[in-house]
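All values derive from a computational prediction rather than experimental measurement. Side chains are part of it too, since the values below use all heavy atoms of this structure and drop only hydrogens, waters and symmetry mates.
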Amino acid sequence: MAARILDGTKMAAEIRAEVAAEVKAMAASGVRPGLAVVLAGHNPASEVYVRGKVKSCEEVGIYSEKHTPAESVTTAELLALVADLNQREEIDGILVQLPLPPQVDAKKVLLAVDPAKDVDGFHPMNVGYLSTQRLGLVPCTPAGVMEILKRSGIPVAGQEAVVVGRSDIVGKPVAMLLLNGNATVTVCHSKTRDLPGVCRRADILVAAIGRAGMITQDYVKPGATVIDVGMNRVSDRAEFDRLFAGNKKREEMFLSKSSTLAGDVHPEVAEVAGAITPVPGGVGPLTIAMLMANTVKAAKLRRGARLPEFSQAR
Ligand code: NDP
């Protein structure tokens, strides 16, 4: 039986509507959440992401501003910008778009962001809050993964979860959120022995690898939930055929744009999984929606709100 498709675009729209309602309610008490995005240099992919983030802010009523230092910016200049944003009252969230130009000490810059305004959730303080189950800011993509599970009614507690990938921005925080949700979690990486065998144990399989279509049917237990975080641009014809042969719609897209976006999960997995996120239209749209949710959360936390509605996923 074909897997249930978990529609991230629809869920992201729901979250944006909820965030917009919260922003409206906050306006009644004179508060408008604000997000500052720092985009250094000219990375075309980053420019697209930042445009999406700013547009999303407009949609939900969050104040946003964009800072665009030149490609030649120094670490000291970025630190000065971050220090200024840290102390500005009307800015609740600071997002430093990665990657930064090579001459910049990115770790130093990220460490300088006030943890209370760290809407990406990358600051070690927030990483520590997550791992000790304290209230903090959770990275957007991992939080989005948990929202998909929650909104799809897929239980986490007691389930076997396998995460492939151990990056600081996706794999590790996803594993921590699943653990906090009482799953039994296994984290895999490039040195894992018998990866297909380990993955086949999973009731929930999360792929955050960065390799197009690596997860094939023999990695998946029939009926498992498969969450595909991967976003890989495929421009090679043979690779396209391995993944999408016979898919006319994809082929049209591939021919017109000379490339297409593929996840880490091979499309054939939809024939054995119980539920699966598509790429595009799965985890991707949730990332920006969770950034909006995080900015509102930061605005509330900074004003001492106790956030009774807080759940681990957020
Ligand atoms: P990283 O490159 O930082 O991490 C990849 C992880 O996958 C590493 O832990 C690596 O293992 C592991 N890995 C690589 N090859 C293999 C293999 N053959 N077998 C087992 N494990 C392997 O990537 P990110 O975590 O930043 O991103 C992962 C994917 O998610 C990418 O496609 C990225 O584009 C996408 N992404 C999507 C987002 C969204 O909004 N949807 C947001 C962020 C990322 P090791 O540690 O041993 O090297």
Side-chain angles (χ1 to χ4, degrees), residues 1-9 42-49 51-52 98-99 102 141-142 144-145 148 162-171 174 186-202 204-288:
M1 211 175 76
R4 171 156 71 117
I5 304 297
L6 307 176
D7 186 346
T9 306
H42 290 290
N43 179 315
S46 296
E47 281 168 3
V48 173
Y49 294 144
R51 223 175 297 137
L98 300 176
T141 302
V145 169
I148 291 178
V162 174
V163 180
V164 190
R166 56 173 164 181
S167 72
D168 291 342
I169 62 169
V170 191
V174 164
T186 305
V187 185
C188 302
H189 46 78
S190 64
K191 307 289 185 293
T192 298
R193 268 189 286 136
D194 184 23
L195 187 63
V198 176
C199 289
R200 275 197 304 274
R201 296 208 301 253
I204 300 169
L205 177 62
V206 181
I209 313 164
R211 287 176 183 248
M214 194 186 105
I215 301 296
T216 50
Q217 281 187 359
D218 53 328
Y219 288 67
V220 179
K221 176 168 80 176
T225 296
V226 180
I227 307 288
D228 189 355
V229 183
M231 291 212 294
N232 311 290
R233 192 140 292 283
V234 172
S235 49
D236 176 68
R237 180 72 217 200
E239 179 73 340
F240 177 85
D241 288 340
R242 182 179 76 84
L243 297 169
F244 301 110
N247 183 333
K248 288 280 167 251
K249 214 169 132 201
R250 278 279 186 170
E251 178 144 22
E252 276 169 28
M253 215 189 313
F254 181 74
L255 291 175
S256 74
K257 295 191 170 165
S258 308
S259 70
T260 188
L261 198 64
D264 290 339
V265 178
H266 195 292
E268 70 178 20
V269 167
E271 292 158 28
V272 292
I276 192 166
T277 59
V279 176
V283 175
L286 267 291
T287 299
I288 295 187

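For the pair Arg201 (side chain) and Val162 (backbone), a donor-acceptor distance under 3.5 Å is absent. In terms of modelled atom types and a separation under 3.5 Å, the side chain of Ser167 and the main chain of Val170 share a donor-acceptor contact.
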Does Val234 form a side chain to side chain contact (heavy atoms under 4.5 Å, CB included) with Leu261? I'd like the steps, not just the answer. CA-CA 6 Å; Val234 172; Leu261 198 64; over 6 Å; no
Begin with the C-alpha distance, continue with both residues' side-chain angles, and end with the deciding distance and a verdict on side chain to side chain contact (heavy atoms under 4.5 Å, CB included) for Arg237 and Leu255. CA-CA 10 Å; Arg237 180 72 217 200; Leu255 291 175; 4.0 Å; yes
Go through the steps to decide whether Glu47 and Asn43 satisfy the test side chain to side chain contact (heavy atoms under 4.5 Å, CB included), and finish with yes or no. CA-CA 6 Å; Glu47 281 168 3; Asn43 179 315; over 6 Å; no
Val145/Ile148 under side chain to side chain contact (heavy atoms under 4.5 Å, CB included): CA gap, chis, key distance, verdict: CA-CA 5 Å; Val145 169; Ile148 291 178; 5.8 Å; no
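Taking all atoms of both residues into account, the shortest heavy-atom contact from Cys188 to Val198 is SG-CG1, 3.7 Å. Nearest approach of Ser235 to Ser258, heavy atoms of both residues: CB-O, 3.5 Å. Met214 and Tyr219 get closest at one heavy-atom pair: O-CE1, 3.6 Å. Nearest heavy-atom pair, Arg233 versus Ser259, reported as atom, atom and distance to 0.1 Å: NH1-OG, 2.9 Å. Closest approach of Ile276 to Ala3, counting heavy atoms only: CG2-CB, 3.8 Å. Nearest heavy atom pair, residue Val226 against residue Ala273, reads CG2-CB, 3.9 Å.
Ionic pairing of Glu239 and Arg242 is present here: one or more N-O contacts between side-chain nitrogen and carboxylate oxygen are shorter than 4.0 angstrom.
Taking 4.5 Å as the limit, every side-chain heavy atom of Ile215 sits out of range of all side-chain heavy atoms of Glu268. The shortest side-chain heavy-atom distance between Val164 and Leu205 falls under the 4.5 Å cut-off. Looking only at side-chain heavy atoms (C-beta outward), Val220 and Cys199 stay at 4.5 Å or farther from each other.
Annotation for His189: atom NE2 counts as buried by contact number, over 12 foreign heavy atoms lying within 6.0 Å.
To the nearest 0.5 Å, atom CG of residue Leu98 and atom OG of residue Ser46 are 8.0 Å apart. With rounding to the nearest 0.5 angstrom, the CZ atom of Arg166 is 5.5 Å from the OG atom of Ser190.
In this view, Phe240 and Phe244, Phe254 satisfy the ring pair (Phe, Tyr, Trp, His ring centres under 6.0 Å) rule, not counting sequence neighbours.
Within the structure, the side chain to side chain donor-acceptor pair (under 3.5 Å) test picks out the following pairs touching residues 223-232 (sequence neighbours left out): Asn232-Asp264.
Looking at Gln217 and His266, their side chains never bring a donor and an acceptor atom within 3.5 Å of each other. Side-chain atoms of Thr287 and Thr141 form a donor-acceptor pair, as typed in the model, at a separation below 3.5 Å.
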